[in-house]
Trainee: 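The structure under discussion is supplied below as structure tokens; questions concerning it will follow.
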Amino acid sequence: MEETLLPPKRILVSGGAGFIGSHTCVELLREGYEVAVVDNLSNSAMSIIHAVGAVAGAEPIFHHCDLLDRVELSRLFCEFAPDVVIHFAGLKSVVESTERPLDYFDVNVYGTINVLRAMADCGCSLMIFSSSATVYGEPVYIPCDEGHPTDPANPYGVSKLLAEKVIAEWALSNDANSAIIFRYFNPVGAHVSGKLGEDPTGPANNLMPVILDIVSGKREVLEIYGNDYNTVDGTGVRDFIHVMDLARAHVLGIEHLSEVQDSEIFNLGTGQPTSVMQLVSAFEEVSGQKVNVKFVGRRLGDVGEVWTSNASAKKILGFETRFSLHDMCAHAYQWIKRNASTSNK
Ligand code: UFG
């Protein structure tokens with residue numbers, strides 16, 4: 001007789017206090033899932049978990065734990081007994097990874113192995129992994145689809161690619177194991193409520209957080225890394241996607257996991273290329289604020305242009321983006337206006 005599987009109910013979210021993780025927790029809680037977060041708060045704070053609760057109407061269970069603490073991780077996983085693990089936790093700065101590559105391999109690769117071992121310990125065999133478009137490196141064709149060769153241009157990208165490979169082998173090794181790997185493009189924006197947004201603990205180095213630093217008076221000028229790329233206006237081109245659209249994709253992923261044989265990879269972006277200067281102009285238009293810019297040399301580890309086709313996520317997951325570039329800027333601006341005094345803790 002064929003075993004009937006009940007739909008997943010209990011979702012363990014590693015890195016659930018982070019930018020994408022916190023927005024995903026809101027979506028999960030609103031869908032009625034029971035959610036437990038495991039996070040070491042290295043780039044976040046407990047206030048974010050409370051904000052998730054305020055927005056979703058229910059707070060996730062929270063455990064302070066480091067991915068490298070394998071024994072404690074396993075204990076927490078067994079205590080919660082998740083049906084699905086969404087694994088966000090990791091280090092994510094391209095620049096930092098060029099300075100501290102071993103830390104990136106420790107946390108992003110060894111940490112992922114620890115998560116998989118903790119899953120084995122508690123009998124959980126379904127995972128959604130938070131990967132990155134950075135695994136593609138300098139594109140040989142655009143838009144990048146999931147079949148595009150991978151050749152990361154920095155240690156962060158290498159660590160994400162290695163983690164993907166570990167997960168793919170884990171999924172192959174046992175019929176019960178299944179994984180969805182999401183390769184995010186450039187998540188920006190903030191929750192439409194204005195209560196959640198991107199709030200790095202250290203100095204901002206991604207484009208939107210730097211713009212928000214300027215608006216809130218923490219920085220004078222946006223240094224634009226290169227205006228000599230072979231792009232529409234010489235500045236870098238990316239696929240910016242609203243964080244709430246990304247968060248929604250994880251709910252669709254959970255619903256699809258039962259149909260995944262081993263592992264499947266999906267690119268998550270809008271399919272719309274936008275240059276750094278175009279983003280700055282959109283932000284200025286939406287906010288009415290001037291963003292002073294200065295062109296400087298290219299940043300180590302950057303690629304000129306990368307954006308995606310999201311056809312596969314659309315077709316297989318039913319993924320649709322709901323928010324425009326203007327929404328991304330408007331929500332990010334609303335977030336910083338509400339939280340300028342408390343952000344960056
Ligand atoms: N940029 C500037 N000045 C800044 C910050 C960024 O000009 O102060 C430029 C970058 O050079 C790049 C663009 O803005 O052209 C976007 O840079 P981000 O740092 O915001 O994002 P990245 O594209 O470097 O990386 C981000 C995530 C990665 C992810 C990648 C996927 O940080 O995790 O998108 O495309 F892998």
Trainee: Do Phe240 and Gln278 have side chains that get closer than 4.5 Å, going by heavy atoms?
Mentor: no
Trainee: Test your reading of the model: is there a side-chain donor-acceptor pair from Trp335 to the backbone of Glu198, 3.5 Å cut-off?
Mentor: yes
Trainee: Can you list every pair that meets ring-ring contact (aromatic ring centres under 6.0 Å, His included) and has a residue in residues 79-119, with sequence neighbours left out?
Mentor: His87-Phe129, Phe88-His250
Trainee: Do side-chain atoms of Thr201 reach the backbone of Ser42 as a donor and acceptor pair under 3.5 angstrom?
Mentor: yes
Trainee: Got a donor-acceptor contact below 3.5 angstrom from the Asn205 side chain to the Val95 backbone?
Mentor: no
Trainee: Salt bridge or not for Lys315 and Glu146, using N-O below 4.0 Å?
Mentor: no
Trainee: Who pairs with Asp151 by side-chain hydrogen bond (donor to acceptor under 3.5 Å, both in side chains), at least two apart in sequence or on another chain?
Mentor: none
Trainee: Say you draw a straight line from OG of Ser312 to CD1 of Ile265; how long is it, rounded to the nearest 0.5 Å?
Mentor: 10.0 Å
Trainee: Between the main-chain N or O of Ala176 and the side-chain N or O of Ser125, is there a donor-acceptor pair closer than 3.5 Å?
Mentor: yes
Trainee: Is it the case that the side chain of Ser14 and the backbone of Val38 share a donor-acceptor pair, with hydrogens and angles ignored and the cut-off at 3.5 Å?
Mentor: no
Trainee: If hydrophobic clusters are built by linking Ile, Leu, Val, Met, Phe, Trp and Tyr wherever their side-chain heavy atoms come under 4.5 Å apart, do Tyr225 and Val210 end up in the same one?
Mentor: no
Trainee: Check whether any side-chain heavy atom of Pro60 lies under 4.5 Å from a side-chain heavy atom of Val13, and answer yes or no.
Mentor: no
Trainee: So do Leu41 and Phe62 actually touch side chain to side chain, heavy atoms under 4.5 Å?
Mentor: yes
Trainee: So, taking the atom named SG in Cys124 and the one named CG in Leu12, what distance separates them when rounded to the nearest 0.5 Å?
Mentor: 8.0 Å
Trainee: Just by distance, do the side chain of Asn177 and the backbone of Trp170 share a donor-acceptor pair under 3.5 Å?
Mentor: yes
Trainee: Heavy atoms, side chains only, cut-off 4.5 Å: are Val237 and Trp307 in contact?
Mentor: yes
Trainee: Among all residues two or more places apart in sequence or in another chain, which pass the ring pair (Phe, Tyr, Trp, His ring centres under 6.0 Å) test with Tyr136?
Mentor: His148
Trainee: Assess, by modelled atom type and distance only, whether the side chains of Ser324 and His326 contain a donor and an acceptor separated by less than 3.5 Å.
Mentor: no
Trainee: How far apart are the closest heavy atoms of Gly137 and Val303, and which atoms are they?
Mentor: C-CG1, 3.7 Å
Trainee: Same cluster for Ile20 and Val35 if Ile/Leu/Val/Met/Phe/Trp/Tyr side chains link at under 4.5 Å?
Mentor: yes
Trainee: Minimum heavy-atom separation for Ala118 to Ser74, with atom names?
Mentor: CB-CA, 3.8 Å
Trainee: Do the side-chain N and O atoms of Thr308 and Asn310 include a donor-acceptor pair separated by under 3.5 angstrom?
Mentor: no
Trainee: Hydrophobic cluster membership, with links at side-chain heavy-atom distances under 4.5 Å among I/L/V/M/F/W/Y: are Leu76 and Ile49 in one?
Mentor: no
Trainee: Looking at NZ of Lys92 and OH of Tyr156, how far apart are the two atoms once the value is rounded to the nearest 0.5 Å?
Mentor: 7.5 Å
Trainee: Between the side chain of Asn206 and the main-chain N/O of Met208, is any donor-acceptor distance below 3.5 Å?
Mentor: no
Trainee: Grab the two heavy atoms, one from Ala179 and one from Val260, that are nearest each other, plus how far apart they are.
Mentor: O-CG1, 3.6 Å
Trainee: Using the rule given for side chain to side chain contact (heavy atoms under 4.5 Å, CB included), can you reason through Thr231 versus Asp233, listing the C-alpha separation, both sets of side-chain angles and the distance that settles it, and then say yes or no?
Mentor: CA-CA 6 Å; Thr231 59; Asp233 54 20; 4.1 Å; yes
Trainee: Is it the case that over 12 heavy atoms from other parts of the model lie below 6.0 angstrom from the CG atom of Asp175?
Mentor: no
Trainee: To the nearest 0.5 Å, tell me how far Glu31 CD sits from Leu28 CG.
Mentor: 8.0 Å
Trainee: Okay, side chain of Asp39, backbone of Ala17: is any donor-acceptor separation there less than 3.5 Å?
Mentor: yes
Trainee: Just verifying a value: how many Å separate Asn186 CG and Ser132 OG, rounded to the nearest 0.5 Å?
Mentor: 8.0 Å
Trainee: Quick one, Ile336 and Gln289 - any side-chain contact, counting heavy atoms below 4.5 Å?
Mentor: no
Trainee: Specify the closest pair of heavy atoms between Pro273 and Gly271, including all atoms of both residues, with the distance to one decimal.
Mentor: CD-O, 3.8 Å
Trainee: Is the number of heavy atoms from other residues, nucleotides or ligands under 6.0 Å of Leu172 CG greater than 12?
Mentor: yes
Trainee: As a test of understanding, state which of Ile86, Ile167, Val85 forms a side chain to side chain contact (heavy atoms under 4.5 Å, CB included) with Ile128.
Mentor: Ile86
Trainee: When hydrophobic residues are tied together by side-chain contacts of less than 4.5 Å, even through go-betweens, does Leu161 share a cluster with Val107?
Mentor: no
Trainee: Return a table of donor-acceptor pairs under 3.5 angstrom between the side chains of residues 64-73 and protein atoms on other chains or two or more places apart.
Mentor:
| residue | atom | partner | partner atom | Å |
| --- | --- | --- | --- | --- |
| His64 | NE2 | Asn40 | O | 3.2 |
| Asp66 | OD1 | Leu68 | N | 2.9 |
| Asp66 | OD2 | Asn40 | ND2 | 3.1 |
| Asp69 | OD1 | Glu72 | N | 3.3 |
| Glu72 | OE1 | Arg75 | NE | 3.0 |
| Glu72 | OE2 | Arg75 | NH2 | 3.0 |

Trainee: Applying side chain to side chain donor-acceptor pair (under 3.5 Å), which residue pairs with at least one partner in residues 15-30 are found, sequence neighbours left out?
Mentor: Glu27-Arg248
Trainee: Compare all side-chain heavy atoms of Gln272 with those of Leu325 and state whether any distance is below 4.5 angstrom.
Mentor: no
Trainee: Can you list everything that forms a salt bridge (Lys or Arg N to Asp or Glu O under 4.0 Å) with Asp103? Sequence neighbours excluded, please.
Mentor: Arg100
Trainee: Would Arg10 and Asp83 pass as an ion pair if we require N to O under 4.0 Å?
Mentor: no
Trainee: Between the side chains of Ser130 and Tyr184, is a donor N or O closer than 3.5 angstrom to an acceptor N or O?
Mentor: yes
Trainee: Could you check whether any side-chain N or O of Glu34 sits under 3.5 Å from a backbone N or O of Lys9, counting only pairs where one atom can act as donor and the other as acceptor?
Mentor: no
Trainee: So does Arg298 have more than 12 non-hydrogen atoms from other groups sitting under 6.0 Å from CZ?
Mentor: yes
Trainee: Could you grab the distance from atom CZ of Phe266 to atom CG of Asp145, nearest 0.5 Å is fine?
Mentor: 13.0 Å
Trainee: Does Leu126 belong to the same Ile/Leu/Val/Met/Phe/Trp/Tyr cluster as Met119, with side-chain heavy atoms less than 4.5 Å apart forming each link?
Mentor: no
Trainee: Main chain of Ser97, side chain of Asn154: is a donor-acceptor contact present, judged purely on distance under 3.5 Å?
Mentor: no
